[in-house]
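Single-structure report; data block below.
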2 protein chains.
Amino acid sequence: MAVGQTAAQGGETLLFLTDEQLRKGIEAMFFAYRAFTSDPDRILENYEYGRAHHRAIHFINRQPGLTVNTLLTLLGVTKQSLNRVLRTLVEDGLVEARVGRKDKRERNLFLTPRGAALERELSDAQRARMRAAYRTAGPSAVAGFRQVLEAMMDPEILRHYNAMRDGGA
Amino acid sequence: MAVGQTAAQGGETLLFLTDEQLRKGIEAMFFAYRAFTSDPDRILENYEYGRAHHRAIHFINRQPGLTVNTLLTLLGVTKQSLNRVLRTLVEDGLVEARVGRKDKRERNLFLTPRGAALERELSDAQRARMRAAYRTAGPSAVAGFRQVLEAMMDPEILRHYNAMRDGGA
DNA sequence: CTTGGAAAGTCAACAACACTGACATAATAT
DNA sequence: ATATTATGTCAGTGTTGTTGACTTTCCAAG
């Protein structure tokens, strides 16, 4: 399981990364991500919502009051695409869009009690899988997991990610 | 960064996993996966192919001669969906579908030289990001990364995943 | 050797979710 | 006053997934 390492290169502790190791990592990402999304997807079949609604609900729950523009950046989609999702959530009473106090052009997004209930149902399932994986892999593996994922993100998104509330020990 | 741990629970080294830690892990998966697919997606814009074609090409490259049914299981889509992708790849001369020697109902899939060239172009980009993340995070983080992802997969897929060639040190 | 079922391919219809482009409205900034 | 920003909306399109129905080919068991 240990990854090959060589000091014969330069200063910064270079890794000896074979093509196969990298390909295995690529496949692990693909398979794990599919499992990771499967639980909420199954739940969403019972409603008339999809994965896009889940993502919006997730971030509104994480940053109550965030603006549409911020959500746009986090989700990485066009405003037309997000708007379709957001409209149904507001119409169905899961999300509330309050006019900004400081800048009245902005809309601050909040989950209603019903929205929060769906968020909990979805994230319960997703967290259960994450928790199980964490327990199986162990504490040091979890730290490494997060480190690699964070190193993989685009820099601007990493800033947003770090700005979010972190319950890390 | 360290994950809380408690020995006050039971035998199997339980982790003290807060809701926030789990949510951070969920967000890390989302953001990292998006970055992870962005490089090949950018390349594919120059061709008339999409992410689905990339995935098919990836696994055909990894297991030359695999059957349509095996590929179906790995990709987790319907045969109609895969067939649309596979047909264009065969028509365009990137994939060859040879009738099985033993069972002539099966088709064994192979990349043509042109298919292998595209596979390399796509995976070069993806591996570059993976390699950079590995180097940033370090060797022990990489091991943990893989462990958590593997623990997250569905069991049947994990079998296929493990069956694939592994260049692990 | 016939028949049942598995593997593969195809056609049609449809849904989710992304995109571009154009345009409207309201409010802030210059 | 004018330009820009934030948001919303309409129309059209593309990729990728889904069901359902049907055919062809072929292996294998009765």
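Sequence lines set the chain letters: A, B, ... in the order given, protein chains first and strands last, and positions in each chain run from 1.
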Inset, instruction - Search all heavy atoms of B:D154 against all heavy atoms of A:A35 and return the closest pair with its distance. - result: N-CB, 4.0 Å
Inset, instruction - Please work out whether the ring planes of B:F145 and B:Y134 are parallel, tilted or perpendicular, with thresholds of 30° and 60°. - result: perpendicular
Legend entry - Any donor-acceptor N/O pair, B:H53 side chain to B:G50 backbone, under 3.5 Å: yes
Polar-atom pairs under 3.5 Å, protein N or O versus N or O of nucleotides 20-28 of chain D: list them with distances, or write none.
| unit_1 | atom_1 | unit_2 | atom_2 | d |
| --- | --- | --- | --- | --- |
| D:dG20 | N7 | B:Q80 | NE2 | 3.4 |
| D:dG20 | O6 | B:Q80 | NE2 | 2.8 |
| D:dC27 | OP1 | B:K104 | N | 3.3 |

Inset, instruction - Specify the separation, in whole Å, of atom CG of B:N83 and atom P of D:dT19. - result: 16 Å
Legend entry - Contacting residues from residues 39-72 of chain B, given that a heavy atom lies under 4.0 angstrom of DNA chain C: B:T67, B:V68, B:N69
Inset, instruction - Please step through salt bridge (Lys or Arg N to Asp or Glu O under 4.0 Å) for the pair A:R146 and A:E150, ending with a clear verdict. - result: CA-CA 6 Å; A:R146 286 266 301 267; A:E150 287 163 21; 3.1 Å; yes
Inset, instruction - Between A:G76 and B:A97, name the one whose nearest nucleotide on DNA chain C is closer to the 5' end. - result: B:A97
Legend entry - Any A:T78 side-chain N or O less than 4.0 Å from OP1/OP2 of C:dA18: no
Legend entry - Side-chain heavy atoms of A:V95 within contact of A:T112, under 4.5 Å: no
Inset, instruction - Determine yes or no for a side-chain-to-main-chain donor-acceptor pair under 3.5 angstrom, with B:D103 supplying the side chain and B:R105 the backbone. - result: yes
Inset, instruction - Go through the steps to decide whether A:H54 and A:Y49 satisfy the test side chain to side chain contact (heavy atoms under 4.5 Å, CB included), and finish with yes or no. - result: CA-CA 8 Å; A:H54 177 202; A:Y49 301 124; over 6 Å; no
Legend entry - Side-chain (A:R127) to main-chain (B:I26) donor-acceptor, under 3.5 angstrom: no
Inset, instruction - May I ask you to list the residues of residues 84-91 of chain A, by number, that have any heavy atom positioned under 4.0 Å from an atom of DNA chain D? - result: A:R87
Inset, instruction - Using whole Å, report how far CG of B:N108 lies from P of C:dA7. - result: 14 Å
Inset, instruction - Determine whether the side chains of A:S81 and A:T78 contain a donor N or O and an acceptor N or O closer than 3.5 Å. - result: no
Inset, instruction - Keeping the roles fixed (side chain from A:Q126, backbone from A:F36), state whether a donor-acceptor pair exists under 3.5 Å. - result: yes
